[in-house]
Amino acid sequence: MEKPVARIEPTGLSRTAGAFLALALATLTSQARAAGAHKAGEIVIETASVKKIGAGTVRYELGTLYVPENRAVPGSRVIGIGFARFRAAQPTGAPPIFNLPGGPGNSDLNALVDGDPVGQALLTLWDMLNAAGDVVVLDQRGFSKRGEMLEFAYLHQPLDRPGSPSAETANMVKAAREAIAAHPDKDLAGYTIVQCAEDVNDLRRALGYDKITLSGESFGSQWAFAVMRLHPEIVARAQLAAVEPLDFGYDMPSHVLAALQRIAFDADRDPGLAPYLPKGGVMGALRAVRERFARGPVTVKLEDETTGRVREVVLGLNELQDSLVAPAHVWPAFVLSLYHGHYDDWARDLVKQRQDNRWPLIGPLIDTSLGVTAAREHLLRTDPGVEFLGTATLDSYTGSAPVWPSPDVGDELRVPVLSSIPVLFIHGDWDTSTPVENTLNMQPYFPNSRTILVHRGRHGARYAVLEQQPAVRAAVIEFLKTGDTRGVPANAVLPAPHFKRPSFPAPEKPSGP
C-alpha cells in the first residue's frame with residue numbers, strides 16, 4: 001500500500017529499520033510511477049515460475065493490466081492489477097478460462113510462492129483446467145501486489161463486554177471515515193463490482209481474445225455474474241462454484257442453518273462424538289447453548305502464558321452468533337464443548353482473531369456498493385434463522401454504506417434476469433459460507449445450465465470433487481471445452497470427514513433409569 005512521505009518518521013529508528021522503510025517507500029513510489037507511466041488498457045508481461053511439489057517447475061506468464069481507477073471520471077488515475085496466464089500444453093481451440101478469485105480481498109497470485117500450500121492447491125486446480133485451454137488468473141483492483149494492496153483498520157469490539165450489532169455498526173462507520181481520510185489520493189468510488197467486471201473485459205481485449213469462459217468461486221462467482229450481465233457478448237460459457245448471486249451478498253440465516261443441520265446428521269453418527277452427545281444430538285446442543293447465552297453472557301478468565309496476567313473475556317449471544325459458521329469437521333465439537341460448559345478454547349480463539357485489525361479495503365467498498373434489494377433485506381431480517389445467526393454483518397454493512405464512497409450499483413444489476421449463457425454450477429450442501437440454496441435460486445434464470453450437487457461438499461467442493469472423482473473431472477473439462485453437459489452428473493458424494501473431538505474427556509453417562 002502506497003503511503004505518503006509525511007507519515008514515515010525515521011527519527012530514532014535503527015539503521016536497519018530505517019533502511020527497510022526507505023526501501024519499502026522506494027518500492028511503493030516506483031509502483032505508483034510505473035502505473036502513471038502507462039495508459040489505461042496497456043499490459044506488461046514477464047516470465048515467471050513456481051515449484052510444484054512432485055511436478056517440477058511450472059512456468060507461466062506474469063503480467064500487469066493498467067486500468068482507470070474510476071472509469072466514470074475523465075482523466076482518472078491509472079492503477080495496476082496483476083494477472084497470470086498458464087498456457088495449455090496442447091491447444092484445444094476452446095476460449096481461455098478466466099479464473100476469478102473469491103473475497104473480495106483475495107489474491108490467488110499471492111499464493112504462487114514455492115511451498116505455499118494454498119498455491120500448491122491452486123496449481124493443481126489450474127493444471128486440471130488447463131486440459132480445456134489456457135487459464136488466465138486475474139487479481140482484484142486494490143488488492144494486487146502488481147498494483148496496490150489497500151487496507152483499512154477495523155477496531156474490533158473489546159472482549160471485556162458482550163458485543164452487539166449496534167456496536168459493530170458504529171465501529172464500521174468509524175472505520176469507514178478513518179479509511180477515507182487515510183487515502184486522500186485514492187478515488188475510492190472506483191472500487192465496485194461494476195469496475196471489476198470492466199477489468200475483466202479490458203484484460204480480455206488486451207490479450208486479444210474474442211470470447212472467454214468464466215470460472216469463479218464464492219465472490220468470484222458473483223464477479224462472474226456481473227460480467228455476464230454487463231458483457232454477455234464476450235462470455236462463451238461459465239463454470240461457477242460456491243455460488244453467490246448478485247443480490248445474495250448476505251446469506252439467508254435459515255439456509256446456513258440447514259447446512260449446519262446436514263453436517264449434524266453425520267456428526268450425530270460419528271463414534272468419536274457419541275459420548276459427548278446430549279439428547280437431540282448436535283442440534284439439540286446448539287439450541288440449549290443458544291438459550292443459555294440468550295439469558296446472559298458468560299465470563300471466562302484466561303491466563304496469558306507469557307506474562308501470567310489474567311484477563312476476562314465476556315462471551316455473549318452476539319459472539320456465539322458470529323462464531324457458529326466454522327469448518328464442517330470442527331463445528332460439532334465447538335458446539336458440544338460449549339454445551340458442556342468448556343469456553344476457554346473459544347475465548348482464546350476470539351482473542352487471537354481480534355489481534356488482526358488490518359482488513360482489505362475493497363471488502364466493504366465492493367460489498368456495500370453491491371448492497372441488497374429491499375425485498376431480500378426484508379427476508380433476511382425476518383428469517384427464522386436469525387435467532388441462531390443474528391444480523392450483525394447485515395447491520396454493520398448496510399448501516400455504514402452511506403459513509404463508504406463506492407456508489408450503490410442499483411437493483412437493475414442486483415435482480416437476476418434470464419440468460420442463455422451455458423453455465424455449469426457446482427455446489428456443496430455443507431457449504432456454510434454460500435449455502436447451496438443460492439444455486440437453486442439461480443437455476444431458473446439459466447435455462448442452459450447444469451448443476452452438480454455435492455453431498456458433504458463444503459465451500460471448496462469444486463476442488464475436492466475434481467481432484468477425487470476422475471469421471472466428474474472429465475465431464476467438467478468437456479463442458480469447458482465445448483459447452484456440452486450431457487456427461488455431467490447431477491450429484492456427487494464426498495466421504496464423511498474425520499470430525500474433531502472436544503479437547504476434554506467425555507462426561508460420564510448417568511447410570512440407572
Just by distance, no angles: are the side chains of [X] and [Y] close enough, under 3.5 Å, to form a donor-acceptor pair?
| X | Y | value |
| --- | --- | --- |
| His459 | Thr432 | no |
| Gln140 | Asp199 | no |
| Gln239 | Arg462 | yes |
| Asn70 | Ser76 | no |
| Ser337 | Trp346 | no |
| Asp395 | Thr169 | no |
| Ser503 | Asp345 | yes |
| His427 | Thr439 | yes |
| Thr373 | Asp247 | yes |

Starting at [atom1] of [X], measure out to [atom2] of [Y] and round the result to the nearest 0.5 Å.
| X | Y | atom1 | atom2 | answer |
| --- | --- | --- | --- | --- |
| Gln321 | Thr391 | CD | OG1 | 7.5 Å |
| Arg146 | Phe143 | CZ | CZ | 16.0 Å |
| Leu365 | Ile180 | CG | CD1 | 8.0 Å |
| Arg71 | Glu198 | CZ | CD | 5.5 Å |
| Met228 | Glu233 | CE | CD | 13.0 Å |
| Ile362 | Tyr191 | CD1 | OH | 9.0 Å |

Students often mix this up, so state it plainly: with edges at 30° and 60°, are the rings of Phe425 and Phe225 parallel, tilted or perpendicular?
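If you compare the ring of Phe425 with that of Phe225, the planes turn out tilted.
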
Over 60° means perpendicular and under 30° means parallel, so classify the ring planes of Phe86 and Tyr60, tilted if in between.
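Tyr60 and Phe86: parallel rings.
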
Does the structure place the NZ or CZ of Arg376 under 6.0 Å from the centre of the six-membered ring of Tyr250, at an angle of no more than 45° from the ring's axis?
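Arg376 over Tyr250 ring: no.
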
Among Asn110, Asp108, Leu109, find the one that has a side-chain contact (heavy atoms from CB on, under 4.5 Å) with Leu112.
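So, applying the side-chain contact (heavy atoms from CB on, under 4.5 Å) to Leu112 and each of Asn110, Asp108, Leu109, only Leu109 qualifies.
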
Report the C-alpha separation of His329 and Trp430 in whole Å, then their side-chain angles, then the decisive distance to 0.1 Å, and conclude whether the ring-ring contact (aromatic ring centres under 6.0 Å, His included) test is met.
CA-CA 10 Å; His329 69 290; Trp430 280 18; over 10 Å; no

N-O pairing of Asp411 and Arg414 below 4.0 Å
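Result for this pair is yes, salt bridge flagged.
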
